[in-house]
2 protein chains.
Amino acid sequence: MPERPASPPPAGRNLLFLREEELRLAQDLLYFGYRDFTAGADRILDGLGMGRAHHRVIHFVGRAPGIKVGDLLAILAITKQSLGRVLQPLIEQGYVRQSPGLTDKRQRLLHLTATGEALERQLFEAQREWVLRAYREAGPQAVEGFRQVMRGLMGPEARAQFEGLERQSGRARPAFLRSA
Amino acid sequence: MPERPASPPPAGRNLLFLREEELRLAQDLLYFGYRDFTAGADRILDGLGMGRAHHRVIHFVGRAPGIKVGDLLAILAITKQSLGRVLQPLIEQGYVRQSPGLTDKRQRLLHLTATGEALERQLFEAQREWVLRAYREAGPQAVEGFRQVMRGLMGPEARAQFEGLERQSGRARPAFLRSA
DNA sequence: CTTTTTCGGTCAGCAAGATTGACACATTTT
DNA sequence: AAAATGTGTCAATCTTGCTGACCGAAAAAG
């Protein structure tokens, strides 16, 4: 029978961490971690009669102002009918604004209104505290490891989308992704 | 203006990694990572006319054989009506088996049948490959960081539940958690 | 021993958020 | 002029949650 490593992780590279049990633990970790990560924002959304779907739209429109409907659909990986049911109310209630594409007038570029930005911030703050605590407790090196693994869990498409957000974040609303 | 650290994480402890942008990136990371993590199992479930809810039941019954319905409800954080609608078919279709509690006969302890274990394994294999790749690419140290952060993202309840699974995993079906 | 509480199941109705298929319209591309 | 693209919309359906009400068996409390 192989021995388990002692409680602090072994310094040297080894293969024990790939054992089946470690991978099942990863499943648990992702389930519980993701669930509680979203809980804070969910409570706020509840009070507004919104759900996670609304949050995702607000989040990603906030992350990529001027994003095209088609690109948002690709990120959310849902149908346009599903998006429509969430996006339409957000527009009617003044959280999201549409503007025609600059070169292609069929496009509807999406932006947050001032109200939308305020809500985005409120939702962000709820999760910010939570993630901040986890990051602080774990330390910068662990955070870097976390990022690497999460990035590795993405498929090629998601990775491209993520890198699009990563690149443009903090800059002045550039063209989004490599679409067409 | 503060400088960003160079691409490899800075050796020394610093506070830059707590900036707002880093935390928004964490949101993206969790969204994309979790989404693609579940995708493999989802495809299998689709073919069986099951959904993620079924997977969660199979997973956690497999993780803690002999788990009580009440403890499973606490882990899944859903109502017993919601669980019933998923659990009942799983029992009828022979994936899950119930047995009366050893000391308390009101309890129904849940186990996977041989069929259930086969399905659990099939679902596990799908995610195993995916997580394995991410773990391998990131390396053992990053994996340890990932674990720390994910653990930090859990609330106190989830942490206790997770530790219960962690403790008992690999051992011969001990009593589950600290219930009552 | 009686009462109350707990564990689990079940019925009925409702809502959110996803799906598919079909179709419409304006615009861009060929 | 025709085809393809970007977006919107109608209608029906499915999964997975929810609430409220109620039941039965067994355990715990009195």
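The chains referred to below are lettered A, B, ... by the order of the sequence lines, with proteins before strands, and numbering in each begins at 1.
The side chain of B:T79 places an N or O atom within less than 4.0 Å of a non-bridging phosphate oxygen (OP1 or OP2) of D:dC18. Contact annotation: B:S82 does not reach the phosphate of D:dT16 (side-chain N/O to OP1 or OP2, under 4.0 Å). For the OP1/OP2 pair of C:dA16 and a distance below 4.0 Å, the side-chain nitrogens and oxygens of A:H54 include no atom meeting the criterion.
Applying the salt bridge (charged side-chain N to carboxylate O under 4.0 Å, His left out) test to residues at least two apart or on different chains, the pairs with a partner in residues 39-62 of chain A are A:D42-A:R52.
Residues meeting the side-chain contact (heavy atoms from CB on, under 4.5 Å) test with B:R159, sequence neighbours left out: A:R133, A:E137, B:R151, B:M154, B:E163. Annotation: side-chain contact (heavy atoms from CB on, under 4.5 Å) contacts of A:R35 (sequence neighbours excluded): A:Y31, A:F32, B:A77, B:A158, B:Q161. Residues satisfying the side-chain hydrogen bond (donor to acceptor under 3.5 Å, both in side chains) test with A:Q148, not counting sequence neighbours, are none. With sequence neighbours excluded, the residues satisfying salt bridge (Lys or Arg N to Asp or Glu O under 4.0 Å) with B:R121 are A:E20, B:E125.
Taking atom CG of residue B:L45 and atom C1' of nucleotide D:dT16, one finds them 14 Å apart after rounding to whole Å. Rounding to whole angstrom units, NZ of residue B:K105 and C1' of D:dA27 are separated by 11 Å. D:dT19 atom P lies 10 Å from atom CG of A:D46, rounded to whole Å. Taking atom CG of residue B:D42 and atom C1' of nucleotide D:dT16, one finds them 13 Å apart after rounding to whole Å. At whole-Å resolution of the value, CZ in A:R52 and P in C:dA18 are 10 Å apart. Rounded to an integer number of Å, the gap from CG of B:L110 to C1' of C:dG8 is 11 Å.
Map B:L73 and A:T103 each onto its nearest nucleotide of DNA chain C; the residue landing nearer the 5' end is B:L73.
Residues A:V86 and A:V69 share a hydrophobic cluster, clusters being chains of Ile/Leu/Val/Met/Phe/Trp/Tyr side chains in contact below 4.5 Å.
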Could you run through nucleotides 7-12 of chain D and give me one letter per nucleotide, 5' to 3': B if any protein heavy atom sits under 4.0 Å from the base, S if only the sugar-phosphate is that close, - if neither?
BBBB--

